[in-house]
Enquirer: 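For reference, the structure I am asking about is given below.
Chain identifiers are assigned alphabetically (A, B, ...) following the order of the sequence lines, protein sequences preceding nucleic acid strands; residue numbering begins at 1 within each chain. Just so it is clear, the values below take in all heavy atoms, side chains as well, and ignore hydrogens, waters and symmetry mates.
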Number of protein chains: 4
Amino acid sequence: MPAKKQLGQRAQRKAQRPQEILEAAFEEFVESGYVATRIEDIAKRIGVTKGTIYFYFETKERLFEEMIRHISVPFSDISANAKNLSGTYSERIRMFIRLLYDRIIMDRNTRELLRFVITEGSRFPQVVDRHHEEFIVPFKAAARDILEAGVAAGEFRNAPAIKIPDAAIGATMMLCVWQMLFADRKPQDVEAFFEAHVDVILNGLIARD
Amino acid sequence: MPAKKQLGQRAQRKAQRPQEILEAAFEEFVESGYVATRIEDIAKRIGVTKGTIYFYFETKERLFEEMIRHISVPFSDISANAKNLSGTYSERIRMFIRLLYDRIIMDRNTRELLRFVITEGSRFPQVVDRHHEEFIVPFKAAARDILEAGVAAGEFRNAPAIKIPDAAIGATMMLCVWQMLFADRKPQDVEAFFEAHVDVILNGLIARD
Amino acid sequence: MPAKKQLGQRAQRKAQRPQEILEAAFEEFVESGYVATRIEDIAKRIGVTKGTIYFYFETKERLFEEMIRHISVPFSDISANAKNLSGTYSERIRMFIRLLYDRIIMDRNTRELLRFVITEGSRFPQVVDRHHEEFIVPFKAAARDILEAGVAAGEFRNAPAIKIPDAAIGATMMLCVWQMLFADRKPQDVEAFFEAHVDVILNGLIARD
Amino acid sequence: MPAKKQLGQRAQRKAQRPQEILEAAFEEFVESGYVATRIEDIAKRIGVTKGTIYFYFETKERLFEEMIRHISVPFSDISANAKNLSGTYSERIRMFIRLLYDRIIMDRNTRELLRFVITEGSRFPQVVDRHHEEFIVPFKAAARDILEAGVAAGEFRNAPAIKIPDAAIGATMMLCVWQMLFADRKPQDVEAFFEAHVDVILNGLIARD
DNA sequence: GATGAATGAGTCTTCATTCAT
DNA sequence: GATGAATGAAGACTCATTCAT
């Protein structure tokens, strides 16, 4: 049944089109930003023409929004993972920050998502809002949970940063921005940064009698 | 002497035009970004027409670059101030971070400058480069100077963050990005953040026997 | 088969568009010159809009150059024809000049091409250069060939104009310029001019013992 | 009386301004053509500003027309000279053509005037008309006068070119156009051309029994 | 489903012209 | 007389979007 197989491949192709487009859109939007990206460039990248894009997505705006949704894998897994962490609370914090680094610094999608939120936020306020709900809020909550449990267990002192966990964890953002700006020109030693960061804040949080 | 006064007004006006334009450009570029800002909007903001802008600035690109230069007040003053700090090294670090907050978080120009570096960096690589030279490098150097002196004085332990000061100080960037994104919708308590931040890292750096 | 016919029309249309545009461009450029011609006027002339022109031609400059190429039918045929002339050398010169008149005076494209070379030459030096290679050089060579053969055959005396054929044939240019300037207002009797021209120079070249 | 002298110089200056402007306009229009020449460039050339030009000339169009008038020295002198020629009619024709060469080929103003008539003629029809009246008509009349006198004197045969003198004299235009187009790239030997031209047509016109 | 020719609104940029000083 | 800041009409060019095939 070669005909059927052929048809199956074609159908498969079609079923993949939207994804293909979203991924091509991601690449182009990353390269040039929303305004400067042309629908035609996205089309070319997957070997189709403008019309095809418009068959699947109403407008450029819509395509951008869908693309954002497509690369957004909420932090819910971080929260979930955070709950499953074991060991001392210092170890848990270390692993939690590790998860953060793996997402924000190492995972290209998340990194660029953050960039989009910054660069196109004024054009797409819903994107900013969603990002807040799906990333920031769960992330803060998870961090606070661990920290408070650490305090309760007597492992951490009741520092003001317990209630404002980004004040402790936030250096991650510095590295992230550095990477965004100078990744190619001034490469950073991510591991060393991570170790230095964790070292300072754990020493800063640990309870001493 | 109405004639003289009138002349003075004219000359005065002329002398101020470039500044006026640069400031209007700043506001518009902040609002809409480089691409989406129209020269005409900038003109309207100060009650003139397109042509006037072009009388003072060759192209939109040039205007943007000059605007960036106009709002860029290098960190050199931070470095200078950093050298004049006195007191214990903990106090000095506290004051140094305070300077940072005052610039990056509180000063609108610096905050938006950072945003421009992020959002328009790919279109204006020179801007990114200049920013690196004039902001990042001096900032890191100043931070390291204080930290190393603190270690030499026996006040700080020789933590890995001494050599990578952004790992300690970087939470500032988190707040900065938060402000950039949610300043209006989700206001932050900057002072509390600052205190929590300083508290953690000073406790993390201090030498204990 | 209306569908097929329709398809054919479309494809046909598309295939003709570039030519259609080039011809409309020719008319407009002839009427107003390069600078004063608006792309939109060219478009209107064939009932399309600006965008369509830009779909086929990158820039106005490019369109002009292609238009020039499109109306340029090199003199190579004149050279070829010149070689096939027969009869006395006087007859051959007569026929050669006739070819010239047919091209430069009667053929609108060639006439306007020359005008473009004069009027837009400083903006399009390549056009001038190409014109020199494709028109002037072959033309002079062909003229000299006949004249020298005429001398060799003893039919023409060895006048200085044998080596500088434009000195004999050049009156054509006078008529051409007259036509360019006053064609409508002060019409010329081309045939009479031609006869007078040929009469003078043949009488001037003929060898008499 | 230094004050008076100064004033005199200034007044002199002012009196010369229009001429100065017209000459600067000539240079700029020659270089760039009517449309592409900017009033400001003309002003700069004589060290004044736009406003000054407009003080003396209503519009750019007007300035161009006046400039044309300024460089137009009618052929009336040629006609006058033509009447004063003496010697054989062959010698007179030779001298008449010499006058033509001196004007059309050697005199920059006349050469560029012809170019303007060709390039800007459609924008300035009055210029073309005036040129016809002041240059072409007297030139043809003068030529015909000599030729007819030569026939009457039995020196020239009654060739058709007697009534259509441009058919005999017109090679001048060929050289003129060559110079306009290739003056710099492919220099011509004007004297040789002149001799070849005169040689052919005199031999072509001379009466032989 | 896919194509790509066609549209037209939108923007930068230029420059003749004006006019207060 | 001269200046030059300001105006605004005009035109090249781009690109999201449409739609007949």
Enquirer: Please report the distance, rounded to the nearest Å, between CZ in D:Phe57 and P in E:dA16.
Expert: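 These atoms are roughly 16 Å apart.
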
Enquirer: Expressed as a whole number of angstroms, how long is the span from A:Ile21:CD1 to E:dG1:P?
Expert: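 Distance, rounded to whole Å: 12 Å.
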
Enquirer: The criterion is side-chain contact (heavy atoms from CB on, under 4.5 Å); which residues satisfy it with A:Gln19, sequence neighbours excluded?
Expert: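 side-chain contact (heavy atoms from CB on, under 4.5 Å) check on A:Gln19 returns A:Glu23, A:His70.
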
Enquirer: What is the separation between atom CZ on D:Phe64 and atom P on E:dA16, rounded to the nearest whole Å?
Expert: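 From D:Phe64 CZ to E:dA16 P: 14 Å.
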
Enquirer: Between A:Tyr54 and F:dC19, is there a contact of a side-chain N or O with OP1 or OP2 at under 4.0 Å?
Expert: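 No.
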
Enquirer: Please name all residues satisfying side-chain hydrogen bond (donor to acceptor under 3.5 Å, both in side chains) with B:Glu20, sequence neighbours left out, ordered by chain then number.
Expert: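 B:Glu20: side-chain hydrogen bond (donor to acceptor under 3.5 Å, both in side chains) contacts with B:Arg13, B:Arg17.
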
Enquirer: Expressed in angstrom and rounded to an integer, what is the separation of D:Arg62 atom CZ from E:dA16 atom C1'?
Expert: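 My rounded result for the distance is 16 Å.
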
Enquirer: In whole angstroms, how far is the C1' atom of F:dG4 from the CD1 atom of D:Ile53?
Expert: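 Distance, rounded to whole Å: 13 Å.
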
Enquirer: Protein-nucleotides 8-11 of chain E N/O pairs closer than 3.5 Å?
Expert:
residue, atom, partner, partner atom, Å
E:dT11, OP2, B:Arg38, NH1, 3.1

Enquirer: The criterion is side-chain contact (heavy atoms from CB on, under 4.5 Å); which residues satisfy it with C:Lys50, sequence neighbours excluded?
Expert: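 Counting only residues at least two positions away or on another chain, C:Lys50 forms a side-chain contact (heavy atoms from CB on, under 4.5 Å) with C:Glu40.
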
Enquirer: Checking A:Thr49 now: which residues fulfil side-chain contact (heavy atoms from CB on, under 4.5 Å) with it, not counting sequence neighbours?
Expert: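 side-chain contact (heavy atoms from CB on, under 4.5 Å) list for A:Thr49, sorted by chain: A:Thr52.
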
Enquirer: Quick one: side chain to side chain donor-acceptor pair (under 3.5 Å) pairs with a partner in residues 114-126 of chain C, sequence neighbours left out?
Expert: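 Non-adjacent pairs meeting side chain to side chain donor-acceptor pair (under 3.5 Å): C:Glu112-C:Arg115.
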
Enquirer: Tell me every residue that passes salt bridge (charged side-chain N to carboxylate O under 4.0 Å, His left out) with C:Arg69, counting only those two or more places apart in sequence or in another chain.
Expert: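 With neighbours one apart ignored, the set is empty.
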
Enquirer: Would you mind telling me which residue lines up with the more 5' stretch of DNA chain E, D:Glu40 or B:Glu61, judged by nearest nucleotide?
Expert: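 Looking at the nearest nucleotide for each, B:Glu61 comes out on the 5' side.
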
Enquirer: Starting at atom CD1 of B:Ile46, determine the distance to atom C1' of F:dA5, rounded to an integer number of angstrom.
Expert: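 Going from CD1 in B:Ile46 over to C1' in F:dA5 covers 12 Å.
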
Enquirer: Using the ring centroid of each side chain, check whether B:Tyr34 and B:Phe116 are separated by less than 6.0 Å.
Expert: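 Between B:Tyr34 and B:Phe116, the centre distance exceeds or equals 6.0 Å.
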
Enquirer: With sequence neighbours excluded, what pairs up with C:Val128 under the side-chain contact (heavy atoms from CB on, under 4.5 Å) test?
Expert: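 C:Val128: side-chain contact (heavy atoms from CB on, under 4.5 Å) contacts with C:Val117, D:Phe182, D:Arg185.
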
Enquirer: Starting at CZ of C:Phe55 and ending at P of E:dT3, how long is that distance when rounded to a whole Å?
Expert: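 Going from C:Phe55 (CZ) to E:dT3 (P), I get 13 Å.
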
Enquirer: Of C:Glu58 and B:Gly47, whose nearest nucleotide on DNA chain F comes first from the 5' end?
Expert: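 Nearest-nucleotide comparison on DNA chain F picks B:Gly47.
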
Enquirer: If you take all heavy atoms of A:Tyr56 and A:Pro18, which pair is closest and at what distance?
Expert: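 Heavy atoms only, the tightest pair is CD2-CG, 3.9 Å.
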
Enquirer: Can you list every stem that DNA chain E is part of, counting only runs of 3 or more consecutive Watson-Crick or G-U wobble pairs with both distances under 3.5 Å?
Expert: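 When the pairs of DNA chain E are grouped into runs of at least three, the stems are E:2-21 with F:2-21.
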
Enquirer: May I have the distance from A:Lys44 (atom NZ) to F:dC15 (atom C1'), rounded to whole angstrom?
Expert: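 After rounding, the gap between these two atoms is 12 Å.
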
